[in-house]
Structure formats: C-alpha cells, structure tokens
Q: 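Take this structure, written in structure tokens, and hold onto it; I'll ask about it next.
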Protein chains: 2
Amino acid sequence: METDLTNVENMRAVGLRPTRQRLALARLLFGHGNQHVTAETLFERAQMAGIKVSLATVYNTLHQFTDAGLLRQVMVDTPRSYFDTNITDHHHFYFEDTGKIADIPHDRINQQINDISPTILPAGTSLSRVDVVVRLRGAE
Amino acid sequence: METDLTNVENMRAVGLRPTRQRLALARLLFGHGNQHVTAETLFERAQMAGIKVSLATVYNTLHQFTDAGLLRQVMVDTPRSYFDTNITDHHHFYFEDTGKIADIPHDRINQQINDISPTILPAGTSLSRVDVVVRLRGAE
DNA sequence: TTCACTGCAAATGATTTGCAAAGCA
DNA sequence: TGCTTTGCAAATCATTTGCAGTGAA
C-alpha cells in the first residue's frame with residue numbers, strides 16, 4: 001500500500017499543508033483504487049462530490065502530488081495529460097477510439113524493458129523512466 | 001527508401017495536390033535525412049529558407065503527411081507534439097533537460113516489444129502501434 | 001502574525017477554424 | 001471553371017500566472 005494521503009499526517013509528511021482542498025482531492029484520487037484522471041475529470045468529480053475547489057487548484061494539486069511521487073503523469077494524447085494513481089513500474093494501453101487509457105495488467109513488457117534499457121543509454125545520461133504505450137484500435 | 005515526396009508525381013500518388021508549399025515543406029522534411037520537427041520548428045526553418053508559407057499551412061501539411069503515413073507523430077511532452085520523418089518501427093529517447101527527442105538507434109527494445117505485444121491485447125482490440133519513450137536525465 | 005494556499009480572471013502557448021482570396025486541374 | 005488549398009485573424013482548448021483574499025501554523 002502506498003502513502004495514504006487522505007489523512008493530515010501523511011499530507012504533512014510529503015511536505016504539503018493539509019488544506020481542505022488537498023485532503024478532499026486526495027480522497028477522490030486515492031480512496032477508490034487506481035485510476036487515471038485529467039485535471040478536467042478530477043475537477044468535475046470534485047464538483048459532483050460537492051467539493052468547493054477551483055480548476056487552478058486542481059492543476060496545482062495534481063502537480064504537487066506528482067512532484068511528491070504520489071502520481072505519475074502519462075502523456076499519450078495532445079494536448080491533454082493524464083495522471084495515474086498507480087505509481088508502480090507499469091505501462092499503458094491507449095484506446096485510440098475513445099481516448100482512454102488503462103494500465104497493462106500482468107506486466108510482461110515491464111521486465112523486458114527494464115532489462116534492456118540500461119544497456120542502451122547514451123553516454124552522460126541516466127535513466128529517468130521508460131514509458132511504454134500500447135496503442136489499440138477497437139473496443140474499449 | 002521511402003516515398004520521395006519532393007517530386008510532383010509522388011505527391012499526387014499519396015492523394016495530395018503538389019502545391020508550392022507542400023513540395024517545399026516535403027523538401028525540408030525528407031531531403032536531409034531523418035529528423036524530428038514541431039510545427040514551430042518547421043515553420044522557422046521554412047522562413048529561413050525563404051519559403052512563403054503560413055503556420056496554419058504547416059500544421060495542415062504535417063497532419064496530411066502523417067495521415068498519408070509519411071510522418072509519425074510522437075508525443076512525449078505536453079502540449080507540443082513532434083513529427084518524425086522516420087516511420088520505420090523504432091522508439092525514442094526523450095531528454096528531459098532539453099526537451100528534445102532522438103531515435104533509439106540499433107533497436108533492441110523494438111524486437112522484444114514486437115514479440116510481446118500481441119500476446120497481451122485485450123479482447124476485441126487490435127494493435128495500432130507501440131510507443132516506447134526512454135526518458136533520460138543529463139547531457140543531450 | 002506570517003507565509004503558504006486558494007480562487008478568480010486574465011494571460012499564455014499550441015493548435016484549429018472560418019472564410020475570402022489564390023492556385024491547381 | 002470548379003474544387004482545393006492557402007493565409008490571415010479570430011477562436012479554442014488545456015494550462016499557467018498574477019494577485020488579492022483566505023487559511024493554516
């Protein structure tokens with residue numbers, strides 16, 4: 001289990017003040033299993049949940065959580081970017097027809113990639129991360 | 001060798017009228033080895049080369065070439081997208097410090113990916129393409 | 001009280017679009 | 001001529017920013 005950001009102590013532990021907005025957004029993000037959100041979808045979900053928060057704050061919060069290592073930013077489509085609550089080593093399906101993404105479950109790709117990557121890095125660089133996006137057509 | 005779009009017949013062959021702007025942009029794109037461009041960088045290069053073309057037309061042309069299978073759109077960074085003149089199966093380095101991309105040369109990743117991918121596709125979907133982005137820190 | 005955080009509205013940056021003028025068939 | 005394509009400017013969309021007001025320590 002990852003850091004549970006839905007309580008005050010853990011929010012402080014990652015260097016963020018436990019404000020009403022951040023706690024509420026954390027609850028939406030981390031309280032219901034792994035999910036992929038955009039700023040817009042999280043904002044809408046917050047509104048439906050009756051949480052008073054501005055879109056700008058949603059953007060700020062997503063980036064703060066990402067910087068704290070609690071979210072991972074996934075770029076598959078311009079110009080919108082997704083944030084994934086699953087921060088373990090894994091990769092993504094991208095459904096071209098619907099624009100949605102999903103985690104690749106039992107990740108065979110992952111092991112292979114991790115084995116290969118270090119051997120091909122250009123001199124003077126270090127690996128930040130490997131993103132694999134398997135783009136699909138057809139049913140979601 | 002790919003289709004050489006720098007001449008009138010081939011431009012027609014992909015279903016596009018060989019206009020002055022399209023021919024000139026094709027020359028910039030396909031006349032000097034593989035490269036990665038954004039709409040903005042191609043536009044600047046065109047201006048430096050004395051080609052009279054608008055930014056809107058550069059955008060249109062990049063998408064028309066992409067639809068014709070002559071370019072590949074690569075998304076690594078929001079909200080700007082790159083277009084790669086190399087349309088063979090291959091993947092990319094992304095230099096986080098500079099925001100630039102480069103093809104991964106002798107592509108060991110590629111074979112592994114191609115072997116694995118078909119085995120993990122969700123029912124009802126077909127593989128469009130696999131994008132691997134190896135994100136690097138440090139020197140470009 | 002102090003400094004971080006929030007919200008709003010305006011600014012930004014990439015991209016797209018509407019439409020009249022220009023160019024290819 | 002007729003249908004594409006172009007160019008410009010305005011529109012759009014996601015995102016960021018400036019700044020005054022609010023809230024946590």
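Chain letters run A, B, ... following the sequence lines, proteins first, then strands; residues in each count from 1.
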Q: Pairing donors with acceptors under 3.5 angstrom, does anything connect the side chains of A:Q73 and A:T66?
A: no
Q: Using atom CD of B:E44 as one end and atom C1' of C:dA14 as the other, report the distance to the nearest whole Å.
A: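 The distance from CD of B:E44 to C1' of C:dA14 comes to 13 Å, rounded to the nearest Å.
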Q: Compute whether any side-chain donor of one residue and acceptor of the other, for A:H92 and A:D131, lie under 3.5 angstrom apart.
A: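 No, A:D131 and A:H92 have no side-chain donor paired with an acceptor closer than 3.5 Å.
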Q: Which residue pairs pass the ring pair (Phe, Tyr, Trp, His ring centres under 6.0 Å) test when at least one of the two sits in residues 60-81 of chain A, sequence neighbours left out?
A: A:F30-A:F65, A:H63-A:F83
Q: Do the side chain of A:Q21 and the main chain of A:I51 share a donor and acceptor less than 3.5 angstrom apart?
A: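 No, because the side chain of A:Q21 does not come within donor-acceptor range (under 3.5 Å) of the backbone of A:I51.
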Q: Do B:D103 and B:H36 have side-chain N/O donor and acceptor atoms under 3.5 Å apart?
A: yes
Q: Tell me the interatomic distance from B:D77, atom CG, to C:dG13, atom C1', rounded to whole angstroms.
A: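 Atom-to-atom, B:D77 to C:dG13, this comes out as 13 Å.
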Q: Testing B:D77, B:V134, B:L136 one by one against B:Y94 for a side chain to side chain contact (heavy atoms under 4.5 Å, CB included), which residue passes?
A: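 The residue from B:D77, B:V134, B:L136 that satisfies side chain to side chain contact (heavy atoms under 4.5 Å, CB included) with B:Y94 turns out to be B:D77.
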Q: Write down the distance between CZ (A:R12) and C1' (C:dC5), rounded to a whole number of angstrom.
A: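 To the nearest whole Å, that distance equals 14 Å.
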Q: Whole Å only: how far is the CG atom of A:L62 from the C1' atom of C:dT6?
A: 15 Å
Q: So which of residues 16-24 of chain A are in contact with DNA chain D, with a heavy-atom cut-off of under 4.0 Å?
A: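 The stretch gives A:R17, A:P18 as the residues lying under 4.0 Å from the strand, ordered by number.
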Q: Just by protein heavy atoms under 4.0 Å, how would nucleotides 9-20 of chain D read 5' to 3' in B, S and -?
A: -----SBBB---
Q: Would you check if there is a donor-acceptor pair between the side chains of A:E96 and B:S128 at a distance under 3.5 Å?
A: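 Looking only at side-chain atoms, A:E96 and B:S128 do form a donor-acceptor pair, the distance falling under 3.5 Å.
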Q: Does OP1 or OP2 of D:dG7 have a side-chain N or O of B:T57 closer than 4.0 Å?
A: yes
Q: Short question: side chain of B:D84, backbone of B:R72 - any donor-acceptor pair under 3.5 Å?
A: no
